[in-house]
Amino acid sequence: MENFIKYLEQEHDILLIKGSHHSCQAVDVAVVNTGDGDFLVVQGTGEKDFYGAKRRFSGHPLLTCELSVANAQALMHYFPYLKPSSIPEQSLSFGFGDRLGRATLGHLKAVMQFEVFPVLAQQSMRELSLTNRTYDDVLSSAVFDVLKAGYMDGFAADGDHLKTIPQIELAIDAGFNMITLDCSEHIHNQATDYSESELEAHFSALASETKDHYLANYLNREIPSLGIIDKVELFRTVLTFHEAIMHAIQCYKFIMSRDRKIHFELSMDETPHTTSPIAHFIIVNELLKNDVNLFSFAPRFHGQFEKGIDYIGHIDTFARTFEQHQQIVNHFDSYKLSVHSGSDKFSVMPIIGKIAGGSFHIKTAGTSWLEAVRLVAIKDPNLYRKMHEIALSRIDKARMYYNVSLDMERIPPIKLMNDAYLPNYMNLPDARQALHITYGLILETESVHRAFFELLDHEITFYSELLKAHLSQHMRFLGAHSRT
Ligand code: ZN
């Protein structure tokens, strides 16, 4: 098999992807670009598990395969480091959404410079339906990118913001090993506005064992550094979160029934109210008492974590309350905080890094799409103009899905701008948000979709470099250590 790589290197009509040659006892594999896209070339006794056709390289026939789900599964079988693996405890784990299936290579280039553990293939159901993909597609495209990057230090895969057991089942069956449960539909936000007498009335209407349980365990209990839980705070927390806690326990039991090592995150970031540290304490304590092995908890932090732009809010209050959440984490010492919509939050990243030390989880997604938009603005101004116009004309529809503070008046009219200016739109918060939340609608337009992916595939190296620079910046701000 030692000739395998020589045959590929000596073939003039193709480009061998550097770093993609991996070898084990049964097979040699590598990815080549033939001009018609990327293909996996395989040689060895394991060939029987791959699906493809023979094609000649330097005169020698080699099995050449599409980057399909079935071939990704065969790769995972022969190369265990291409399969999602456990996230080390006490690590800075970094979640990367790759909506387009083109960003993971750039993400890994950033990861390879820092001591962070990547969570790839991070996708919510909303993102799957907006991009018309399946969990199988998302995971296999991450697997091929891990192969191409020559990255062998392990990664996890996150079924993000899942709400129901059937959704969790889809992600687990596809091979995902992190599940983020979004229980926002079971959170009763109206309790935030109840008066004291309303709180009393609603609490007394609960089942007596529920009432007794919470009263016995929490009323007047002193929580280190947070103070004493009084009746109002307890009733409000129970009325807001009890059903969500029950739902989380039920979902976790289902996950356990699958008998696989799954990292379980509970997320409450997509709710209208900030999660109080006392609520955090009670929620997590209830989960742990019910044998839920929590990997991470994503409260809704103080301030606005809007997609693709910097933090909006009072930074000192954020720092103080983030510290309180971290103290609760330190008290239980068995899970970590998770920061969602972490992209571009440069003003608070150093605070997060400092307070949480080296152990927290952060998620990013849309920022990788925005780097692709930046690439379009640099390389194909006419295509950018089309995308920009679609974004602005369909903004009302997109606002039904996303809660953003963008003000259209602050986006300079594109008709007045010359081509050289266009990349600057990706430095303006309002334009970033407009292009961020409309990505599904932009890609719905057939001609734009085709031109966009053609350009991205053609410029994939440039795209990877843009992502490497942008996400390395995130890691640096978060205090990640360089790999030595
Ligand atoms: Zn989230």
Side-chain angles (χ1 to χ4, degrees), residues 87 92-99 107 118-131 135 138 156-164 167-168 171 176 178-187 189 241 244 247-248 251 263-275 279-280 283-284 287 294-313 318 321-322 325 329 335-345 348-349 352 356 360-370 398-405 433 436-437 439-440 471 474 478:
I87 304 172
L92 195 178
S93 43
F94 202 115
F96 299 96
D98 179 4
R99 294 169 178 167
H107 296 155
V119 178
L120 308 173
Q122 166 202 296
Q123 289 267 313
S124 65
M125 295 305 290
R126 177 175 64 191
E127 287 162 337
L128 284 186
S129 68
L130 286 173
T131 53
Y135 271 132
V138 172
D158 181 9
D160 195 13
H161 275 279
L162 303 181
K163 296 186 173 173
T164 64
Q167 292 178 353
I168 292 171
F176 284 62
M178 174 168 174
I179 295 295
T180 298
L181 179 69
D182 174 341
C183 50
S184 52
E185 283 168 13
H186 299 267
I187 294 174
N189 292 301
F241 295 108
H247 180 61
C251 291
H263 297 286
F264 181 64
E265 170 165 314
L266 183 64
S267 80
M268 301 198 158
D269 63 304
E270 293 201 359
T271 51
H273 302 293
T274 305
T275 313
H280 173 175
I283 292 162
V284 169
L287 295 184
L294 195 62
F295 169 73
S296 47
F297 178 62
R300 162 126 197 219
F301 293 109
H302 176 82
Q304 309 296 322
F305 279 70
E306 293 186 9
K307 313 275 178 188
I309 60 169
D310 204 346
Y311 176 77
I312 303 172
F318 172 79
T321 49
F322 189 86
H325 285 296
V329 170
Y335 64 100
K336 53 188 177 180
L337 286 176
S338 175
V339 180
H340 286 210
S341 305
S343 316
D344 306 286
K345 304 297 175 292
V348 291
M349 281 178 198
I352 294 168
F360 59 97
H361 186 68
I362 183 157
K363 298 197 187 198
T364 66
T367 205
S368 297
W369 151 256
L370 289 174
R399 282 196 135 155
M400 287 159 47
Y401 294 96
Y402 292 99
N403 196 5
V404 289
S405 60
Q433 289 200 312
H436 184 296
I437 66 171
Y439 79 96
L471 288 150
H474 284 64
L478 289 164

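Counting starts at 1 for both ligands and their atoms, following the listed order. Positions are given from 1 along the sequence.
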S.K.: Does D98 have any salt bridge (charged side-chain N to carboxylate O under 4.0 Å, His left out) partners at least two apart in sequence or in another chain, and if so, which?
M.R.: none
S.K.: Any N/O/S atom of E270 sitting less than 2.8 Å from the Zn ion (ligand 1), backbone or side chain?
M.R.: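 Coordinating: no.
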S.K.: How large, to 10°, is the angle at the Zn ion (ligand 1) when you draw lines to NE2 on H161 and to OD1 on D269?
M.R.: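 That angle is 90°.
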S.K.: Measure from NZ or CZ of R126 to the centre of the six-membered ring of Y401 and say whether it is under 6.0 Å with the direction within 45° of the ring axis.
M.R.: no
S.K.: Would you please name every residue forming a side-chain hydrogen bond (donor to acceptor under 3.5 Å, both in side chains) with D310, sequence neighbours left out?
M.R.: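 Once residues adjacent in sequence are excluded, the partners of D310 under the side-chain hydrogen bond (donor to acceptor under 3.5 Å, both in side chains) criterion are S347.
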S.K.: Looking only at N, O or S atoms, which one in H340 sits nearest to the Zn ion (ligand 1)?
M.R.: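 Checking each N, O and S atom of H340, the shortest distance to the Zn ion (ligand 1) belongs to ND1.
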S.K.: Check the orientation of F318 and F305. Use parallel for under 30°, tilted for 30 to 60°, and perpendicular for over 60°.
M.R.: tilted
